[in-house]
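Here's the structure we're looking at; comments come further down.
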Amino acid sequence: VEPRVLIIGVRNAAMDCCRTLRRIGATDVKVMARRGRAHFKASPWELEDAEEEQVEIVENHAPKRFVLENGRLIGMEFDRVEWYDDGGRQKSRTLETVFFPCDDVILAIGQENAFPWIERDLGIEFDKWDVPKVDAKTFESSRAGVFFGGDAAFGPKNIIWAVEHGHQAAISIHNHCLG
């Protein structure tokens with residue numbers, strides 16, 4: 001494992017990454033956040049546990065670019081920003097550009113479920129959160145032969161559940177293909 005690692009993102013997956021890295025020997029782990037703590041998506045206890053394990057959480061730093069030397073990553077540049085209200089909308093302004101040396105970077109940026117690409121007349125039903133309705137055992141949607149798993153099926157949980165859902169969905173897809 002590399003000794004100096006930057007984690008981009010502040011959700012629970014980022015907390016899993018940074019804490020695991022510390023446990024397997026990374027000497028300097030920083031979690032880089034675009035916004036301040038009030039906007040973090042990670043659970044408060046996850047943040048506290050990470051900090052207890054000597055993970056530094058750096059607020060208000062927007063990723064700018066990877067810095068390479070002779071084809072090898074040596075760090076990243078970030079814009080240190082401050083946030084302000086602009087007529088009811090939050091905007092940021094760059095205060096300075098700063099460099100953080102690192103040996104590796106992990107992108108742990110979350111994604112929200114969004115299914116605008118699924119035509120609504122295909123026979124796939126959606127629940128009140130606009131997530132496809134899925135059979136809890138087979139992972140098949142209301143349209144035969146279309147399967148979903150992980151966050152896309154049951155909302156955000158963790159990577160272990162997503163992997164298990166993928167495994168179970170694969171079995172269902174195999175059985176579906178066999179008739």
Results of side-chain hydrogen bond (donor to acceptor under 3.5 Å, both in side chains) for [X] - residues two or more places apart only:
| X | value |
| --- | --- |
| Asp86 | Lys91 |
| Glu82 | Arg93 |
| Ser43 | Asn12 |

Checklist entry - With respect to Ile106, which candidate in Val31, Val29, Leu21, Ile8 satisfies the side chain to side chain contact (heavy atoms under 4.5 Å, CB included) definition? => result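 Answer after filtering Val31, Val29, Leu21, Ile8: Leu21.
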Item to check | Same apolar cluster (I L V M F W Y, side chains within < 4.5 Å links), Leu68/Leu107 | outcome: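 They do share one cluster, since a chain of ILVMFWY contacts under 4.5 Å joins Leu68 to Leu107.
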Does the side chain of [Y] come within less than 4.5 Å of [X]'s, by heavy atoms?
| X | Y | value |
| --- | --- | --- |
| Leu73 | Cys102 | yes |
| Glu51 | Glu56 | no |
| His61 | Arg34 | no |
| Val5 | Val105 | no |
| Arg37 | Ile57 | yes |
| Pro3 | Asp103 | yes |

Results of side chain to side chain contact (heavy atoms under 4.5 Å, CB included) for [X] - residues two or more places apart only:
| X | answer |
| --- | --- |
| Ala169 | Phe139 |
| Arg65 | Val67, Glu77 |
| Leu178 | His174 |

Who passes salt bridge (Lys or Arg N to Asp or Glu O under 4.0 Å) against [X], sequence neighbours left out?
| X | answer |
| --- | --- |
| Glu164 | none |
| Arg120 | Asp130 |
| Arg19 | Glu46, Asp49, Glu53 |
| Arg80 | Glu96 |

Next on the checklist: Please list all pairs meeting salt bridge (charged side-chain N to carboxylate O under 4.0 Å, His left out) that have one or both residues in residues 132-142, counting only residues at least two apart or in different chains.
Outcome noted: Glu125-Lys133
Next on the checklist: With a sphere of 6.0 Å drawn around CZ of Arg23, does it hold more than 12 non-hydrogen atoms of other residues, nucleotides or ligands?
Outcome noted: yes
Next on the checklist: Quick check: closest heavy atoms across Phe40 and Ala33, and the distance to 0.1 Å?
Outcome noted: CE2-CB, 3.4 Å
Return the [atom1] to [atom2] distance between [X] and [Y], rounded to the nearest 0.5 Å.
| X | Y | atom1 | atom2 | result |
| --- | --- | --- | --- | --- |
| Thr94 | Lys64 | OG1 | NZ | 7.0 Å |
| Leu47 | Glu52 | CG | CD | 11.5 Å |
| Gln54 | Asp28 | CD | CG | 11.0 Å |

Next on the checklist: Quick one, Ser141 with Phe147, criterion side-chain contact (heavy atoms from CB on, under 4.5 Å). Give me CA distance, side-chain angles, the key distance, then yes/no.
Outcome noted: CA-CA 6 Å; Ser141 71; Phe147 299 81; over 6 Å; no
Checklist entry - Going by the ring pair (Phe, Tyr, Trp, His ring centres under 6.0 Å) test, which pairs reach into residues 67-90, not counting sequence neighbours? => result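 Qualifying pairs, neighbours excluded: Phe78-Phe100.
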Checklist entry - Do side-chain atoms of Asp85 reach the backbone of Gly87 as a donor and acceptor pair under 3.5 angstrom? => result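 Yes.
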